[in-house]
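Chain identifiers are assigned alphabetically (A, B, ...) following the order of the sequence lines, protein sequences preceding nucleic acid strands; residue numbering begins at 1 within each chain. All of these numbers come straight from a predicted model, not from anything done at the bench.
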4 protein chains.
Amino acid sequence: MIKVAVIGASGYTGSELLRLLTLHPDAEVVEATSRQYRGMPVPEIFPALRGFYDGLAFSEPADLKGVGADVAFCALPHGASQDAVAALLHAGCKVIDLSADFRLREAEVYRAWYGEHKMEGLLKEAVYGLPELHRNEIAGARLVANPGCYPTGAALALAPALKEGVIDAASIIIDSKSGVSGAGRGASLDSSFVEVAGGFKAYKVGCHRHTPEIEQELGAIAGEKISVTFTPHLLPTPRGILTTAYARLKKGVNTARLHEVYSGFYASEPFVRVLPEGRFPDIKEVRCSNYCDIGVYADVVRGRMIVVSAIDNLVKGASGQAVQNMNIVSGLKEDKGLKTPPTPF
Amino acid sequence: MIKVAVIGASGYTGSELLRLLTLHPDAEVVEATSRQYRGMPVPEIFPALRGFYDGLAFSEPADLKGVGADVAFCALPHGASQDAVAALLHAGCKVIDLSADFRLREAEVYRAWYGEHKMEGLLKEAVYGLPELHRNEIAGARLVANPGCYPTGAALALAPALKEGVIDAASIIIDSKSGVSGAGRGASLDSSFVEVAGGFKAYKVGCHRHTPEIEQELGAIAGEKISVTFTPHLLPTPRGILTTAYARLKKGVNTARLHEVYSGFYASEPFVRVLPEGRFPDIKEVRCSNYCDIGVYADVVRGRMIVVSAIDNLVKGASGQAVQNMNIVSGLKEDKGLKTPPTPF
Amino acid sequence: MIKVAVIGASGYTGSELLRLLTLHPDAEVVEATSRQYRGMPVPEIFPALRGFYDGLAFSEPADLKGVGADVAFCALPHGASQDAVAALLHAGCKVIDLSADFRLREAEVYRAWYGEHKMEGLLKEAVYGLPELHRNEIAGARLVANPGCYPTGAALALAPALKEGVIDAASIIIDSKSGVSGAGRGASLDSSFVEVAGGFKAYKVGCHRHTPEIEQELGAIAGEKISVTFTPHLLPTPRGILTTAYARLKKGVNTARLHEVYSGFYASEPFVRVLPEGRFPDIKEVRCSNYCDIGVYADVVRGRMIVVSAIDNLVKGASGQAVQNMNIVSGLKEDKGLKTPPTPF
Amino acid sequence: MIKVAVIGASGYTGSELLRLLTLHPDAEVVEATSRQYRGMPVPEIFPALRGFYDGLAFSEPADLKGVGADVAFCALPHGASQDAVAALLHAGCKVIDLSADFRLREAEVYRAWYGEHKMEGLLKEAVYGLPELHRNEIAGARLVANPGCYPTGAALALAPALKEGVIDAASIIIDSKSGVSGAGRGASLDSSFVEVAGGFKAYKVGCHRHTPEIEQELGAIAGEKISVTFTPHLLPTPRGILTTAYARLKKGVNTARLHEVYSGFYASEPFVRVLPEGRFPDIKEVRCSNYCDIGVYADVVRGRMIVVSAIDNLVKGASGQAVQNMNIVSGLKEDKGLKTPPTPF
C-alpha cells in the first residue's frame, strides 16, 4: 500500500485527487493539508466524500519534512510550491507537483512568465509528467512536474503530427476552450455563476502562461524552437477542455494518412482514444475520466490539418494524470485505479 | 462471474447500467439489446464507453427465452416490459425490472394509472426493490420491481418518520425536483436544450403516475392507507432529484429527536447518509453515485417537519439501485461495485 | 422627464435598474453611485450597457442630501440603506428602497431578524410597494419599500385565495426555488459557477429572513396573524423564482372555482397573467420581464390547493417592480417602459 | 404602420421576430403562418408572448400571393423558402428571407452545397442583407437574403482587416462557437438537454454549409477569391456566437493600428461596438440584442492577427438583422425598435 500525502488538498485538484484515490486499490491517503480548513474533517468541506475519509482531518504540518508518505502530491499555487517540493523531497517522498513551478526547463523562461524561482537547481531534475511523451524518464524520477491542463490537451493533439513531420511546425494555431474549474476553487466575481452562465469569451489573448509550456513540449518533439498562437476561452460548464488546433499540412497528406499517424502513435496508450475517421471528440465523452479523445481531419484543398482533442481538465489535465504518474514512479501498472469510464452527463 | 443481460440498453438507464457494470468486479455483460441500434457496437452509440465494450454489439434476440444470463435487467418502457419479463423468467434469469410494470401490487391500481396488465399473475410475486425497506424479500426473489426515481427519494425521506410515528400520516406534502434525464433518452421538443435551459416548472400537477407508488410504499410503512400531495418539477440539469417533504409533527418532537430517529433507522445502511443537524443535501453531492443524502428539521413553532432527500435519479433512482438489487439476489455483498464517491461537478 | 438617481448601482438590482431605465421614455438617470467603482464609466463595468450610458460614471457623493433627482432608487444592502434613505428624503426625492430596511412595519420584528433599526420613525411612513395589493397607498407615498423577491412571488400566489377565503390560512406551505442572482453580485465560493452548476439544494431551512415579510403581507390580507412554512431552494440558473404553495382548501372549492377567484382578482392587472386551467408557469416564460405568471389546481380528493407562481427575481422581484412603483409615485401610466415581453431563453 | 407577415413563425427565428416586433413602434404583425400550429393562438405556443398577440392565431394560407403585408419575413427552412419567396414577391411584398436560399450569388455554388434551386432567376436580384457591407443595395431591394448566423459573425470580424489590406487573405482560419438555438426548434436527440449540457464539440468539421457564404462575402471585400478554414462548435448555452478568427498580419501592423482600422470602419455603425484595446467580447454582453462586439489583437512576434466577435445568433445573426433590413427597405431609421440593451444573464 502506497502512503500518499496531498499537500494543498482543499482546491479542485486536491479534492479530485482525494476522489480518485478512493478508487485506487494500492494507495492510501495518510495526510491532506489545508491552511484554510486546518483541523476540519475532510467530509465537512467535501460532503460528496462523506463515508470515504471520515477519519481524516485537514492538517497543516509546521514542517513538511516530517510527512511520512511514499508519494506526495503537491497541489499548491505556483510560487508556493517551490519550498514545499524541496521539503517533501528532503523528507524522502517522491513528489508529483501539480503547479507550474517545475514544468519549464529554463529558469529564464520561468522568470519571464511567473517571476523569480527559488529552487532553480531542481528545475533540471524535474521530469515533465506527460506519460505519452516522457514515460521512461518519469519512471526514474524523484520529482515529476505534472503538466498544465491546456498543454496536456495541446501536446497530445499535436505530438503525432509533429513527430511524423506531416505538418509545418511554424504554422500552429491552438484554439482552446476550458470549463470553469480550471480557474480554481475560490471566491471570485469572474468565476461566479451569474457572470459565467450564458457567457463565452476568449481571455488572456496572446498572453496566457501556458504558452511557453506548450512551446517547450512541442519544440522538443519537433526538434526545433516553435512559436504557437494560443487562445484560451472560458466555457460555461464546470469541466473539460476542447482543443482545436490548426496547422499547414505537408503535401500529399490526407485524412486517412493523418488517422494512420495518430492511431500508430497512440496504439499502446491506455488513455488516448483516437476516434474513427469522421468522428470528433466531445468533452462530455471524457468527463470525470483520464481519457483523451482525439479526432483528425485533413482539408487537402486548403492544405490544413484540423485536429481536435478533448480531456477533463481536472483528470487527464491534472489529478488523474498525477495518479498516472504516481503509478509510474511507484512501479505499478500505469492505469491502476484510473480505468473508470467517463460519465457523459 | 455473474452473467448479465441488459434488455433495452440504449436508453439512459440502460447506458447507466453499462457504465456501472464496468466497475463491478463480479459481473459481466453478455447481452445488451436495442431494437433501434441492432448490430451496432456499443461504443459507437455511447462514445464514453469506448474501450470498455469494444467487443459488444447491440442485439435484438427474436426470443428472450434464449438469453443466457444469470441476471437480466429489463430497461424497457412500461407496457413493453411485461412480456419481456415473463420470457426472461422463463429463460431462468433472475429479473430486475426498471419499468413501472411490476411496482404496484394491485392490478386495479395499475390499470387506473397505466392501463391493462398482461401478466397480472406476476404482480404478486414481484418484490419492490427498495433494499432499505425490503432487503429480506429481495434476497429470495425471482422478480424485483426496481422502484421509480421519485418514489425512491420520497420513501427514503419519509420512512423513518412514519415508522416511528412522529408525523401525521395524513398530512404529507412532497415537493420534488428532478433533472432532465428522468424524461428518458429520445427526441422531444420538451426535453430540448433550448426549452429546458434557463427554465424551471412544475409538471403533471396532481396527476403524476408515481403518486400511487409513493402512496403504496408509505402506506405499507404506516400500516394504513395514505394519500399524499405530490408535485414534481423539472430542473435545468441532467441528473438528480431533490425531494422536500412536509408533514405535521407529533407534539414534542424537535430536530434532535428527528435526527435521532433518522440516524437510527439508517444506521447500518451502506448508501444512506443522514447529514448532521443543520445540514441539508445538495443533488451535486450524490451525483453519479448510489447515495441518498438526507437532512431533517423540526419547526416546532409551526408544528411541521421538513425533510430533504437527494439522490441521483439514474443511480439510486434507477440503475445503481438495480445493481444493488442484483447484488442482493446474487448473494453478493450489497455494496459491491457501487461504492464509488459522487462527482459533485 | 423624471430625473432618477440609482444609489448602489453596481449590484445586480442596480445594473438591472440601469438596463430597464434605458427602455423608459420618461426617465433619465442623472446619478449612479458606487463606492467600489467610483469614477469609472458605467459601460466599463457593465459592457452590455456600452452605448447607453457612455457619458455616465459611477459617483460617490459625500452627501446624498445634494442628489438632484426626482426619484431615487436605493439599492444598498439592508442596514446601509437606512441612513441613505433618510438623506434622500431630506433631499426632496421620492425614494424607492430595494433593501429590506423599510418592509417590516414593526420595528421589533425587524430587530429580531435583521438587528437594530436607526430610522424607526420612517417605518410607519413607508408603504409596502406591491402594487397589486397597495396601489393606492403607493401613489401618495414619499418612501416605498420595494418588496423582497420571495415575498413578491408568494404574496401574488396566495393573495386571491386568502382574500376570497377559499383556503385555511393556518395551513400554508411555501416551497420556493430561486435563481442565483438572488444572492447578489459579489465574490463568494457559494455562488461560484462550479459550486452551483449541476447542484440544487434547500437553504436557510426554517430561518430565511423573508419569512416575516411574507407573514406580514399574507396576514394583512387574511385579517389575522399567519404563520407559514417557507423553504427556499437554489436553482442552477441565473434568474427566476418559482413558488409552489400548498394550503388546505375550504369544502367545495374545485379548480374551476379557484381559477375564477384568481382571474377575477387579477383581471385588471397589467403584469399578472393567470394561466388557463391545466397550465402552470415556467420561470423562462417571464424571464427578463415584469410579469408574474400563475397557475392553480384544486386537489379535491386530498382537499388541497396547489398554486404556482413564476417571476423574474430581478425584475418583478426587484428592479422592474421598483420602476413600476416609480411610475405610480410619479403619476405615470403604471406599465410605462415596462411592457416588454419576456425572453424565454 | 408597416404591415408585416411572418412566414414560418413557429421556429426560433420566427418567435424571435414576433418578440422583437412587439418593441417596434411602426410595425404590426398581420399574419403569422405555421403549418404545425395552424389555428392555434400564438400565446398558446409561445407563453412568453401572452398579452402581446392575444388576437393572433397561426394561419396557413393556401396561397401566399394573397398575403396583405408590406414586408414579409420568410423564416422557412432552405428549399421550402424558394416558392414562398416567389409568391410573396408576386403579392407585392418586400421580402426578407432568413433561409439560405438566396444568399449565394452563384446557382452552381448553391447546388453544390444545398441542391437544386427552383428560382435561379431571383438569385441575381437578391441583395445580401448585411447592412454594414451592403446598406445601399438593401435600401432599394425587393428581396433581401438575410445572412447566416456564422457568416454574420465572421464577416463583421474580418471585413475591416480585409478592406484595409492589413492581413493576408489566404491565411484566414475561423473558429466559431454557437449556442444551441442555432440548430433550430424541433425534437432531436442531438439537441436534447442531456446530450448538450456539459458537452462541447466541433461539428461538421471541414464541411459546414456556411463556408461558401463566408467565402463569398470575404472574397467580395478582398476583391479576390478566398478560401477559409471554418470550424463550428456547439456551446452548451441557448444563444450566442463567438468567432475567433486568425490571419497572418502584414508587416508593421500592431494592435494600435488594428484598433484604428476597426474603429474607423465601424465608426458610424449603430450596432457594432469595437471594444477598447485589451478588451475582448463575451457572448453574454450582446445577449438578446442586435449588437456585434469586436476585440482585436496583433501578435507581432508571431505575425498573426487575432480578432474576436460576439453576436446573438438569433438577433444580429437572424431576426434582429432581419428587422434592421426591414427598417432599411422601408425607409425607416435603421435602428428603430432595435436599440434595446443586451441582457447579460
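- Across B/His233, B/Arg302, B/Arg287, the residue that shares the most heavy-atom pairs under 4.5 angstrom with chain C is B/Arg302.
- Interface remark: C/Phe345 contributes side-chain atoms only to the contact with chain B (heavy atom separation under 4.5 Å).
- Heavy atoms closer than 4.5 Å to chain B are found nowhere in C/Ile241, neither backbone nor side chain.
- Using a 4.5 Å cut-off between heavy atoms, B/Tyr246 touches chain C through its side chain atoms alone.
- Residue with the most contacts toward chain C among B/Leu234, B/Ile173, B/Thr237: B/Ile173 (heavy-atom pairs, distance under 4.5 Å).
- Across B/Asp299, B/Thr229, B/Thr231, B/Thr244, the residue that shares the most heavy-atom pairs under 4.5 angstrom with chain C is B/Thr229.
- Only the side chain of C/Leu235 comes within contact range of chain B, with heavy atoms under 4.5 Å apart.
- Using a 4.0 Å cut-off between a side-chain N of Lys or Arg and a carboxylate O of Asp or Glu, B/Glu108 and B/Arg111 do not qualify as a salt bridge.
- With ring centers used as reference points, C/Phe230 lies 6.0 Å or more from C/His210.
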Between B/Asn313 and B/Ser181, is the side-chain contact (heavy atoms from CB on, under 4.5 Å) condition met? List the steps. CA-CA 8 Å; B/Asn313 59 304; B/Ser181 61; 3.0 Å; yes
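- Judged by distance alone, with hydrogens and angles left aside, the side-chain atoms of B/Glu215 form a donor-acceptor pair with the main-chain N or O of B/Val228 at under 3.5 Å.
- Closest non-hydrogen pair, B/Ala161 versus B/Tyr262, comes out as CB-OH, 3.4 Å.
- No side-chain donor-acceptor contact under 3.5 Å links C/Ser319 and C/Thr13.
- Taking chain B as the reference chain and counting heavy-atom pairs below 4.5 Å, the highest number among C/Gly278, C/Pro281, C/Gly199 is found for C/Gly199.
- There is no contact between C/Glu285 and chain B, counting heavy-atom distances below 4.5 Å.
- For chain C, no part of B/Arg279 is nearby; none of its heavy atoms comes within less than 4.5 Å.
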Worked check of side-chain contact (heavy atoms from CB on, under 4.5 Å) between B/Cys288 and B/Arg19: CA-CA 10 Å; B/Cys288 294; B/Arg19 179 182 76 83; 4.0 Å; yes
Applying side-chain contact (heavy atoms from CB on, under 4.5 Å), run through B/Phe265 and B/Glu164 and close with a yes or a no. CA-CA 9 Å; B/Phe265 192 90; B/Glu164 201 67 22; 6.0 Å; no
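- No part of C/Ala298 comes within reach of chain B, as not one of its non-hydrogen atoms sits under 4.5 angstrom from that chain.
- Taking C/Asp282, C/Leu242, C/Val301 one by one and counting their heavy-atom pairs under 4.5 Å with chain B, the maximum is reached by C/Asp282.
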